[in-house]
Amino acid sequence: MKTLLARLVTEALAALAQAGTLPADVHPEVQIERTRERAHGDFATNVAMTLAKVARRKPRELAEALVAALPAHPQLARVEIAGPGFINFFMAPAAWQAVIATVLDQGSAYGRSNAGGGVKTQVEFVSANPTGPLHVGHGRAAAIGDTLARLFEATGWDVTREFYYNDAGVQIGNLALSVQARIRGLEPGAPGWPEDGYRGEYIRDIAADYLAGKAVVADDRQVQAKADPDDLDAIRDFAVAYLRHEQDLDLRAFGVAFDVYYLESSLYADGLVERTVARLAGSGRTYESDGALWLASTAYGDDKDRVMRKRDGSYTYFLPDVAYHWTKWERGYRRVVTELGADHHGSLARVRAGLQALDVGIPPGWPEYVLHQMVTVLRNGEEVKISKRAGGYVTLRDLIDEVGRDATRFFLIMRKSDSQLVFDIDLAKQQSLDNPVYYIQYAHARVCSVMRQADDKGIPFDAAAGRASLGRLDDPHEEALMLQLDRYPELIAVAARDDEPHLLAGYLRELAQGLHAYYNAQPFLVDDAERRNARLALIAAVRQVIANGLTLLGVSAPESM
RNA sequence: GCGCCCGUAGCUCAGCUGGAUAGAGCGCUGCCCUCCGGAGGCAGAGGUCAGGGGUUCGAAUCCCUUCGGGCGCGCCA
């Protein structure tokens, strides 16, 4: 409908230009927006105001001329001029009613599009190092990254989910030493316990399994424990596989699956770090100072120059980060989203600057970054502290076990990633109206229940009859719902374009609210078969869109609760 | 000190790439079940959109600035 209106307005503008009311050389972008209030019609445009200056006419005068030149269309019932010069469009009821048939025809495909045109796209997220179980922050990353990936898939992008981690660095060495200390029966803090060792109970579990010679299978590796307390390499390999496996279980319980696991160590093994150094050196933007090799990254928008190679000859993490993102480009991903905790925001400007310095055709501003702010967990109104080193923190799996996957995913996605998020465990656990995820799921279950009732009463929903009688839908609640349904594809497109999955959570809440209000205002199973089937067609369409939206969030749409 | 993010109702937060009288949930007050699931709905109170400048037909939204909070600012990852 938006595109229809935009076309009509453009035609009218062309006619005005022809008549000399408008200068011939203006080609304004016609904005059609949804109105906030029904009194303002269904859609509105502000072109008369934006063009008033170049046309040297008063906005309302211009609006009059434009409306006079507007071609008639059966879907357009009425046009009004209001306020400072808005042109308000009132659509014919049939135009709204048509959305119901569209939803029912398209089913789970409603809302999908091909905006991405099949372009190879990658979402990198979670990317936790295998030094412990995943915590709530990783959960937020997983919810955001996976939902984005689903949104991209729904809008025609060819998506790969990637998990990047380091299996060979300082932290991993520390992990191996911690497990070895546990193998030797040491407790955290005891003499001989490694400095900055991992103190969590899970280290003890790894030690026990290692000694027992167990085998461990993770999604990207498998290892048989050697049970030798002195073989630090073997301990490390086992511990990494063990924790990777634990993370796999967490992610699976969360409904998240990765296509690719990328190892930082492979960047070194495959010579990609060296190649990156050489390429950067060739840029003429590197220099030696204090015995270290620097990149003049300030030339590319960074706020200070960065050390590439330290005085001791080893590389800083800046280099593998650039090398890694270069591989993303080389592997053909043209849209890339890197999802990180906001505490890593410093790497953003550095990596982009490094990629520019490579001069390999990567556009400025590539890749997209989505940074999420901190998660605070509340239990009994008190903050639960998260401390990885000390152990005993709230893990993702604790949350899933306690509040369930649906509520966990929903709570972690419902806020804008830029905002800090308070995760109230007690609220998330509540199976009541206070809990938004139950409220939405209940709307879905409620429609299913009405359909069952219809069957029981021997008046099952007749979809064909419903479609033929859509003209019977004239209640304000019905109009509001049709409007909401019509908006859904646009919302999906915007959420995918702007990397804002939280919009979908808010939309679904509003749609559910519309359904509940309608339910209370009107009976559906009325004797008048035309009206009854028309109403059932409407709520069937609402159920379909709720299901489609929940699927994109990775949340189930139950038929009864 | 510098950079990024945030500041909207008592609380938690939306506000759809600048639009008309700023919204929702919870909490509070008062209503609504002979009816398809009351696990619901309706109405009301509650705001200097942190403060101050600017840009323009129009600003919660864009720019500058002050204040407050979070996170970064290492030849750690």
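Labels below follow one simple rule: chain letters A, B, ... track the order of the sequence lines, proteins then strands, and each chain is numbered from 1.
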Watson-Crick/G-U partner (both atom distances under 3.5 Å) of [N]:
N     : result
B:C42 : B:G30
B:C16 : none
B:U21 : none
B:A59 : none
B:C2  : B:G72

Kindly write out the residues that satisfy side chain to side chain donor-acceptor pair (under 3.5 Å) with [X], not counting sequence neighbours, or none if the list is empty.
X      : result
A:W294 : none
A:T3   : none
A:S113 : none
A:H477 : A:D475

Side-chain ion pair, A:R34 and A:E490, N-O less than 4.0 Å: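 Salt bridge between A:R34 and A:E490, a charged N being under 4.0 Å from a carboxylate O: yes.
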Would A:R487 and A:E510 pass as an ion pair if we require N to O under 4.0 Å?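 Salt bridge: yes.
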[atom1] atoms of [N] and [M], separation to the nearest Å:
N     : M     : atom1 : value
B:C57 : B:C13 : C1'   : 32 Å
B:G46 : B:C16 : C1'   : 26 Å
B:G18 : B:C49 : C1'   : 15 Å
B:U61 : B:U56 : C1'   : 14 Å
B:U8  : B:C62 : P     : 16 Å
B:A22 : B:G58 : C1'   : 15 Å
B:A45 : B:C31 : C1'   : 15 Å

Please tabulate the protein-to-nucleotide N/O contacts below 3.5 Å involving nucleotides 68-71 of chain B, giving atom names and distances.
residue, atom, partner, partner atom, Å
B:G70, O2', A:Q420, NE2, 3.0

Residues in residues 528-539 of chain A with a heavy atom under 4.0 Å of RNA chain B, by number, are none
Check RNA chain B against residues 297-312 of chain A and give the residues with a non-hydrogen atom under 4.0 Å, in numerical order. A:K304, A:V307, A:K310, A:R311
Syn/anti label of B:C42 as read from its glycosidic torsion, with the cut at 90° from 0: anti
Any side-chain to backbone donor/acceptor pair from A:D290 onto A:A292? Under 3.5 Å, distance only.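 Answer holds: no.
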Give the nucleotide from the list B:C13, B:A77, B:G19 with an atom nearest to the side chain of A:V422. B:C13
Measure from the side chain of A:M49, starting at C-beta and using heavy atoms only, and say which of B:C75, B:C57, B:G41 lies closest. B:C57
Any pair counted as salt bridge (Lys or Arg N to Asp or Glu O under 4.0 Å), so long as it reaches residues 406-420 of chain A, sequence neighbours left out: A:D146-A:R409
Over all strands shown, is [X] touching base, sugar-phosphate only, or nothing at heavy-atom distances under 4.0 angstrom?
X      : answer
A:A521 : nothing
A:L503 : sugar-phosphate
A:E490 : nothing
A:D498 : nothing
A:S314 : nothing
A:T45  : nothing
A:K53  : sugar-phosphate
A:V170 : nothing
A:S449 : base
A:A52  : nothing
A:Q430 : nothing
A:A44  : base

Please tell me whether A:H516 and A:Y442 form a close aromatic pair, meaning their ring centres lie under 6.0 Å apart. yes
Tell me if the NZ atom of A:K310 is crowded by more than 12 foreign heavy atoms within 6.0 Å.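 Yes, because the 6.0 Å sphere around NZ of A:K310 holds more than 12 heavy atoms from other groups.
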Around A:D527, counting heavy atoms of other residues, nucleotides and ligands shown, do more than 12 lie under 6.0 Å from its CG? no
Residue set satisfying salt bridge (Lys or Arg N to Asp or Glu O under 4.0 Å) with A:E195, at least two apart, ordered chain then number -> none
When the distance from [atom1] of [X] to [atom2] of [N] is rounded to whole Å, what number comes out?
X      : N     : atom1 : atom2 : result
A:L378 : B:C13 : CG    : P     : 10 Å
A:R415 : B:C11 : CZ    : P     : 14 Å
A:Y439 : B:G38 : OH    : C1'   : 13 Å
A:M561 : B:G38 : CE    : P     : 14 Å

Is any side-chain nitrogen or oxygen of A:K416 closer than 4.0 Å to OP1 or OP2 of B:C5? no
Can you check whether A:Y519 has a side-chain N or O nearer than 4.0 Å to OP1 or OP2 of B:G38? yes
For residues A:R531 and A:S469, determine if any side-chain heavy atom of one lies less than 4.5 Å from a side-chain heavy atom of the other.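 No, too far: nothing below the 4.5 Å cut-off.
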Looking at A:L399, A:V422, A:L427, which one forms a side-chain contact (heavy atoms from CB on, under 4.5 Å) with A:F411?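 Among A:L399, A:V422, A:L427, the one meeting side-chain contact (heavy atoms from CB on, under 4.5 Å) with A:F411 is A:L427.
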For nucleotides 21-28 of chain B, list the nitrogen or oxygen atoms of the protein found under 3.5 Å from its nitrogen or oxygen atoms, one pair per line.
residue, atom, partner, partner atom, Å
B:G25, OP1, A:Q513, NE2, 2.9

For A:Y262, ring pair (Phe, Tyr, Trp, His ring centres under 6.0 Å) partners two or more places apart: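 Testing A:Y262 for ring pair (Phe, Tyr, Trp, His ring centres under 6.0 Å), a comparison that skips the adjacent residues, returns A:Y324.
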Return the minimal non-hydrogen interatomic distance between A:A505 and A:L553, and the atom names on each side.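 Closest approach of A:A505 to A:L553: CA-CD1, 4.3 Å.
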If you look only at pairs with a residue in residues 522-546 of chain A, which of them pass as a ring-ring contact (aromatic ring centres under 6.0 Å, His included), with sequence neighbours excluded?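 Checked against ring-ring contact (aromatic ring centres under 6.0 Å, His included) - neighbours excluded - the pairs reaching residues 522-546 of chain A are A:Y518-A:F524, A:Y519-A:F524.
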